[in-house]
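Owing to the predicted nature of the structure, the values given are computational and were not obtained by experimental measurement. A, B, ... follow the sequence lines: proteins, then strands. Residue 1 opens every chain.
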There are 2 protein chains.
Amino acid sequence: MRKVGRPKAQDSAFDRSLALKKSALDLLSRDTAGKVTIKDIGREANVTTAMIYYYFEDKDDLLRSAIEYAIDNSFEHFDKLSQDIEHPAALIHEWLRTHEELVEPIRKMMKLNLDYKMGKDRTDRTDQAIQRFYDSERTILLDCVKRGIRLGIFTEVDPESIWVIVSTFLDGAMVRSGIVDGFDVRKAIVVFEALLWDRLGYNSKSF
Amino acid sequence: MRKVGRPKAQDSAFDRSLALKKSALDLLSRDTAGKVTIKDIGREANVTTAMIYYYFEDKDDLLRSAIEYAIDNSFEHFDKLSQDIEHPAALIHEWLRTHEELVEPIRKMMKLNLDYKMGKDRTDRTDQAIQRFYDSERTILLDCVKRGIRLGIFTEVDPESIWVIVSTFLDGAMVRSGIVDGFDVRKAIVVFEALLWDRLGYNSKSF
DNA sequence: GTCTATAAAAGGATAGAC
DNA sequence: GTCTATCCTTTTATAGAC
């Protein structure tokens, strides 16, 4: 364990707080909180234990911050998607494809959410971050279906039902891929998409 | 902490090993492994720490046994369902209803599976228990759809696709109910069922 | 801001009596 | 089979120098 002379203040380009959140996220998704020690996290992020307490109140604070970080990441990703794509069917298609592409990070986020929600160390701040994420997911999908109906490209369906089915199915695909060896996320999403277009009365030849 | 005189050998009616597995299961589903201590489990099951090591090799052994216990439970439940119900549509309907009814235990099992699979302390025995469960789920649903088609009550669909969609959706409903406050499992399953009967060309008026 | 060293607590596991 | 007491290791968290 060789130590380099004197420590140098970190410039903001390499934020140690961020590095810690990333490392925590990674370790937590591979193992369960409580088995992951602050030393593990520190080692992974190349930060000493004492520094963790400089940046965060305690272990729990770091863990919650890591979850929030994961949520914010996913949030931005999906928010961008909804801003970039106009066409309702195209948006839904990309929505599905994105889940397929980002299984790993999304599954990590979900596992952390589940651990957090079923645990007992909760805070309003983190609860709200999770709520905000799912609310925005709902708003985006709901709007999308409504617009599709208004534009006449989708059958007159209940948007709320479609939203529930789509987002619940996707959650299922994310976790199942983490539980069942050999589960084919891509295939699952493909067959689901076919069912969805069928229900929406949309001709998906273009995809 | 009052102690009753001399210990009395437990008769098989109240198996301590079983009590420990149940308590472990309960605590693990509420919190993450590693945060749950053997002392916690012992306290919950009214068994001393030392006794845990009499019944199990070590903490990990107890934890894995608890998971297997949870899986076996669910397995029996679904297996019974498939043996009791002949009619394909009725079986699927009951399948959905059972998930609705047993959200809690099923969600616990899923969380444990996820923790276990994403962690690194794995054993063949436990891996196989999980695999067996999902395999049997697949077999049952697949057979069910095939029979429905053969009987002419379902449209000619690809059974494999239906199985993937149904079981993935249900997994999603189970976890989401643990993550999103106020998620209405019942409603989610109801709207999904409607979609399913639609796809299968089945008139579900009877339910 | 960063590190080393260490205190304080908690947890896993065992010894040994009954 | 069961319990009490305890050992030893790991872990969280802090003190204090630079």
Side-chain angles (χ1 to χ4, degrees), chain A residues 1-24 26-28 30-66 115 119-121 123, chain B residues 1-24 26-28 30-67 115-116 119-121 123:
Chain A
M1 270 310 107
R2 322 271 19 306
K3 270 307 105 189
V4 277
R6 261 303 87 210
K8 61 261 134 170
Q10 296 290 340
D11 53 306
S12 57
F14 181 71
D15 186 350
R16 297 199 125 170
S17 162
L18 179 66
L20 282 168
K21 283 186 279 188
K22 281 183 178 170
S23 298
D26 222 54
L27 293 174
L28 281 176
R30 278 206 293 274
D31 220 315
T32 100
K35 273 215 164 183
V36 176
T37 71
I38 42 173
K39 279 174 186 164
D40 289 336
I41 300 173
R43 197 180 315 123
E44 185 90 358
N46 272 303
V47 174
T48 59
T49 332
M51 282 310 291
I52 295 183
Y53 290 92
Y54 175 78
Y55 285 110
F56 300 93
E57 266 183 37
D58 52 19
K59 192 188 175 187
D60 246 34
D61 183 36
L62 167 56
L63 263 40
R64 282 194 307 267
S65 299
D115 283 351
K120 45 190 164 3
D121 299 314
T123 63
Chain B
M1 271 310 106
R2 325 264 23 308
K3 270 308 105 192
V4 277
R6 260 306 83 209
K8 60 267 131 168
Q10 295 291 338
D11 54 304
S12 58
F14 181 72
D15 186 351
R16 299 201 123 170
S17 161
L18 179 65
L20 282 168
K21 282 186 279 188
K22 280 182 177 168
S23 297
D26 222 53
L27 293 174
L28 281 176
R30 278 207 293 275
D31 220 315
T32 98
K35 273 215 165 183
V36 176
T37 71
I38 42 175
K39 280 171 185 162
D40 289 335
I41 300 173
R43 196 179 316 123
E44 185 90 359
N46 272 303
V47 174
T48 58
T49 331
M51 283 310 291
I52 295 183
Y53 289 91
Y54 175 78
Y55 286 110
F56 300 92
E57 268 183 34
D58 52 19
K59 191 188 175 187
D60 246 34
D61 183 35
L62 167 56
L63 264 39
R64 282 193 308 267
S65 300
I67 297 180
D115 282 351
Y116 169 80
K120 43 191 166 4
D121 299 315
T123 62

Which pair of non-hydrogen atoms, one from B:G34 and one from A:T32, has the smallest distance, and what is that distance? N-OG1, 4.4 Å
Check whether any side-chain nitrogen or oxygen of B:T48 sits under 4.0 Å from OP1 or OP2 of D:dT2, and answer yes or no. no
Those residues at least two apart in sequence (or on a different chain) that pass side-chain contact (heavy atoms from CB on, under 4.5 Å) with A:S23 are A:I41, A:E44, A:A45
Would you confirm whether A:S17, through its side chain, and A:Y55, through its main-chain N or O, come within 3.5 Å as a donor-acceptor pair? no
Nearest-Å distance for atom pair CG/C1', residues B:D15 and D:dG1: 12 Å
How long is the line joining CD of B:E57 and P of C:dG12, in whole Å? 16 Å
Whole angstroms only, please: what is the CD1-P distance between A:I52 and C:dC3? 11 Å
Between C1' on C:dT14 and CZ on B:F56, what's the gap in Å once rounded to a whole number? 18 Å
Interatomic distance where CE belongs to B:M51 and P belongs to C:dT14 [whole Å]: 15 Å
Check ion pair B:R30-B:D26 (N to O, under 4.0 angstrom): yes
Taking the side chain as every heavy atom from C-beta outward, state whether B:L63 and B:Y116 have any atom pair closer than 4.5 Å. no
Residue set satisfying salt bridge (charged side-chain N to carboxylate O under 4.0 Å, His left out) with B:K35, at least two apart, ordered chain then number -> A:D60, A:D121
Between OH of A:Y54 and C1' of D:dC18 the distance, given in whole Å, is 15 Å
Closer than 4.0 Å, any side-chain N/O of A:R16 to the OP1 or OP2 of C:dC3? yes
Between the protein and nucleotides 6-12 of chain D, list the N/O to N/O atom pairs that are separated by less than 3.5 angstrom.
from   : atom 1 : to    : atom 2 : distance (Å)
D:dT12 : OP1    : A:K59 : NZ     : 3.0
D:dT12 : OP2    : A:I38 : N      : 3.1

Please state how far atom CG in B:L62 lies from atom C1' in C:dA13, giving the value in whole angstrom units. 14 Å
A:L63 has an atom CG; how far is it from atom C1' of D:dA13, in whole Å? 15 Å
Strictly distance-based, threshold 3.5 Å: is any side-chain N or O of A:D40 a donor or acceptor partner for the main-chain N or O of A:T37? yes
Is the phosphate of C:dT2, meaning OP1 or OP2, less than 4.0 Å from a side-chain N or O of A:Y55? yes
